[in-house]
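What's counted below: heavy atoms across the whole structure, side chains too, no hydrogens, waters or symmetry copies. Counting starts at 1 for both ligands and their atoms, in listed order.
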Amino acid sequence: MRTIEHWIGGSTTSAGSTRTAPVWDPATGEQQAQVLLAEPSDVDTAVAAASKAFESWGDVSLSRRTRVMFRMRELLERHEGELARIVASEHGKVVADARGEIIRGREVVEYACGISSALKGGYSDQVSTDVDAYTFRQPLGVCAGITPFNFPVMVPLWMHPLAIACGNTFVLKPSERDPSASLFVAQLYADAGLPDGVFNVVNGDKAAVDTVLDHPGIAAVSFVGSTPIARYVHDRAAASGKRVQALGGAKNHAVVLPDADLDYAADHLTAAAFGSAGQRCMAISVAVAVGAAGDALVPLLAEKARAVRVGPGQDPGSEMGPLVTPQAKARVTEAVASGDAQGAVVVVDGRDLEVAGHPGGFFVGPSLLDRVTDRMDVYREEVFGPVLVVVRVDSLDEALRLINANPYGNGTAIFTSDGESARRFQRQVRVGMIGINVPIPVPMAHFSFGGWKDSLFGDTHVHGPEGVVFYTQGKVVTSRWPHVQRPVEAAFNFPTAH
Ligand code: NAD
């Protein structure tokens with residue numbers, strides 16, 4: 001059985017770990033490897049390596065840091081296919097989809113290549129007589145990332161390229177369900193010339209996470225995962241004095257107005273609901289059909305859901321792969337059953353899908369549930385699987401009330417041909433990322449990514465300008481070089497400009 005280790009101080013190591021967790025091949029249902037689960041002392045070792053590396057990396061010039069990022073960007077492009085196959089084999093998503101997440105993550109490295117501009121300070125000449133003032137930002141020290149299974153490359157890339165380009169060192173605790181991609185990325189950093197200890201990977205479970213959250217040697221924690229854990233991570237890390245951003249779960253609604261191009265909307269909703277088997281934090285899981293849109297939309301969605309090609313992620317013919325674990329499969333089938341029991345109309349039922357040649361795989365087909373209400377569990381819970389529910393409402397105002405009352409606020413979309421409705425929606429909806437005729441509005445890397453309400457705890461969103469703010473702290477210098485002809489007298493009253 002292959003054992004997946006940690007990456008500390010520039011090489012793989014088992015450190016002091018003996019506990020393990022299984023890593024599945026979701027397409028076959030068989031265990032393909034085991035991953036080591038770190039003990040608190042292993043986290044200490046990683047933080048010690050990162051602290052040591054920070055002593056020099058924090059002083060490395062912006063141009064040298066930029067050159068590492070340029071090389072990293074090239075390596076991520078060169079090894080895209082290999083990395084995508086690693087992701088597909090442990091996560092289950094199709095290889096083309098895995099390539100997509102690598103490309104979107106690489107865009108953060110591209111943004112980090114411009115760190116000299118992003119970190120540029122400000123200078124004001126002569127703010128008072130013979131006095132100048134200027135600002136600059138400095139790294140925090142050792143930063144940590146704790147990441148979910150669903151984007152094993154992209155979500156960590158939201159964090160570490162910027163943290164490192166800003167002069168910090170990094171300890172990543174990836175998901176224990178698909179850990180191999182992070183070790184591959186660590187090797188790429190080494191090949192890009194990043195000094196040992198700047199980027200470290202500690203595999204593990206709650207024991208590793210809790211040690212990170214309490215660790216006095218860690219200055220900041222970025223977390224992405226489910227809402228209960230995000231809230232816990234935020235509160236515990238903040239209580240130990242850390243800067244923290246914790247992104248949580250989602251229930252993303254797409255409003256379809258009767259004036260929308262319904263065929264276009266149905267195509268895009270189908271891809272956004274069932275791509276990656278619905279295991280995306282920006283997946284559309286609720287279609288809000290307004291007025292006459294409902295009767296026309298549901299048959300189109302049903303036809304397209306039935307046509308989705310479900311199969312192993314490594315098969316180029318597949319559009320949707322299996323779920324990540326047997327527990328995820330059970331959760332999704334139970335969600336469909338509860339919708340059925342609570343009065344929803346199950347239009348397409350993916351529960352009994354069988355994929356030829358893969359009887360043990362964690363496959364569930366696309367499911368479409370109509371006439372769902374906000375009191376049903378299948379609406380209230382984050383299902384995180386290939387289940388699209390349709391809630392019918394009478395007006396855009398009712399759609400807005402529904403979305404704004406939902407505790408999640410990650411992403412949302414509106415399909416319409418009416419600019420006034422779209423503008424009203426974008427201004428009144430209480431959600432962080434909004435698509436207008438775009439179902440998955442994941443911001444480009446030079447913007448920042450983040451939700452509202454229970455989808456994000458903390459102040460700053462990830463990557464882009466807010467990422468730079470998160471991974472640095474500002475200084476303001478007020479400076480006077482006394483002028484021989486204009487001596488300055490000390491004053492006991494509070495200093496004012498003159
Ligand atoms: P998860 O919350 O189970 O795990 C996330 C991380 O937390 C993992 O590294 C895991 O090891 C750790 N963890 C799990 N349980 C823990 C505990 N009790 N104590 C301490 N640490 C713990 O999430 P997941 O199942 O890996 O990922 C799916 C979830 O992530 C979904 O809810 C999805 O919406 C969310 N997600 C959100 C975003 C976003 O940008 N908001 C992006 C991707 C995924």
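When only non-hydrogen protein atoms are considered, atom 12 (C) of ligand 1 lies nearest to V209 CG2, 4.2 Å. Looking at atom 34 (O) of ligand 1, its nearest protein heavy atom turns out to be E382 OE2, 2.6 Å. The nearest heavy-atom contact from the protein to atom 44 (C) of ligand 1 is N150 OD1, 3.2 Å. Residue, atom and distance of the protein heavy atom nearest to atom 28 (C) of ligand 1 are F384 CE2, 3.5 Å. Nearest protein heavy-atom contact of atom 38 (C) of ligand 1 is C281 CB, 3.1 Å. Looking only at heavy atoms of the protein, atom 26 (O) of ligand 1 is closest to F149 N, 3.0 Å. The shortest contact between atom 19 (N) of ligand 1 and any protein heavy atom is with K206 CG, 3.4 Å. Looking from atom 27 (O) of ligand 1 to the surrounding protein, the closest heavy atom is P148 CB, 3.2 Å.
Around atom 6 (C) of ligand 1, the closest heavy atom drawn from I229, T147, D178 belongs to T147. Nearest to atom 35 (C) of ligand 1 by heavy-atom distance, out of G225, G249, S175, is G225. One option in N410, V224, L456 has a heavy atom closer to atom 5 (C) of ligand 1 than any other, and that option is V224. For the residues A283, S455, G248, G411, the heavy atom positioned nearest atom 41 (N) of ligand 1 is part of G248.
Counting protein heavy atoms under 4.0 angstrom from atom 1 (P) of ligand 1 gives one or more.
A donor atom on one side chain and an acceptor atom on the other are not found under 3.5 Å apart for D196 and Y189. For S285 and Y379, the side-chain atoms include no donor-acceptor pair closer than 3.5 Å. Between Y408 and H253, the side chains place no donor N or O within less than 3.5 Å of an acceptor N or O (distance only, hydrogens not considered). In this model, no donor atom of one side chain and acceptor atom of the other lie less than 3.5 Å apart for N437 and H268.
Closest of all the heavy-atom pairs between C281 and A250 is O-CB, 3.2 Å. Contact between I403 and K453 at its shortest, heavy atoms only, is O-NZ, 3.3 Å.
Residue K173 has at least one N or O atom closer than 3.5 Å to an N or O atom of ligand 1. For the pair Y232 and ligand 1, the shortest N or O to N or O distance does not fall below 3.5 Å.
By the 4.0 Å N-to-carboxylate-O rule, E80 lies close enough to R99 to be salt-bridged with it. Salt bridge absent: E381 and R331 never bring a charged side-chain N and a carboxylate O closer than 4.0 Å. Remark: E107 engages R104 in a salt bridge, criterion side-chain N to carboxylate O under 4.0 Å.
The proximity of E176 to ligand 1, defined as any non-hydrogen pair under 4.0 Å, is limited to the side chain.
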Applying salt bridge (charged side-chain N to carboxylate O under 4.0 Å, His left out) to E90 and R177, what does each step give before you reach the verdict?
CA-CA 7 Å; E90 292 184 357; R177 292 178 226 162; over 6 Å; no
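At least one heavy atom of R177 sits less than 4.0 Å from an atom of ligand 1.
For ligand 1, the atoms lying closer than 4.0 Å to a non-hydrogen atom of W158 are 40 (O).
Under the side chain to side chain donor-acceptor pair (under 3.5 Å) criterion, H463 pairs with no residue at all, not counting sequence neighbours.
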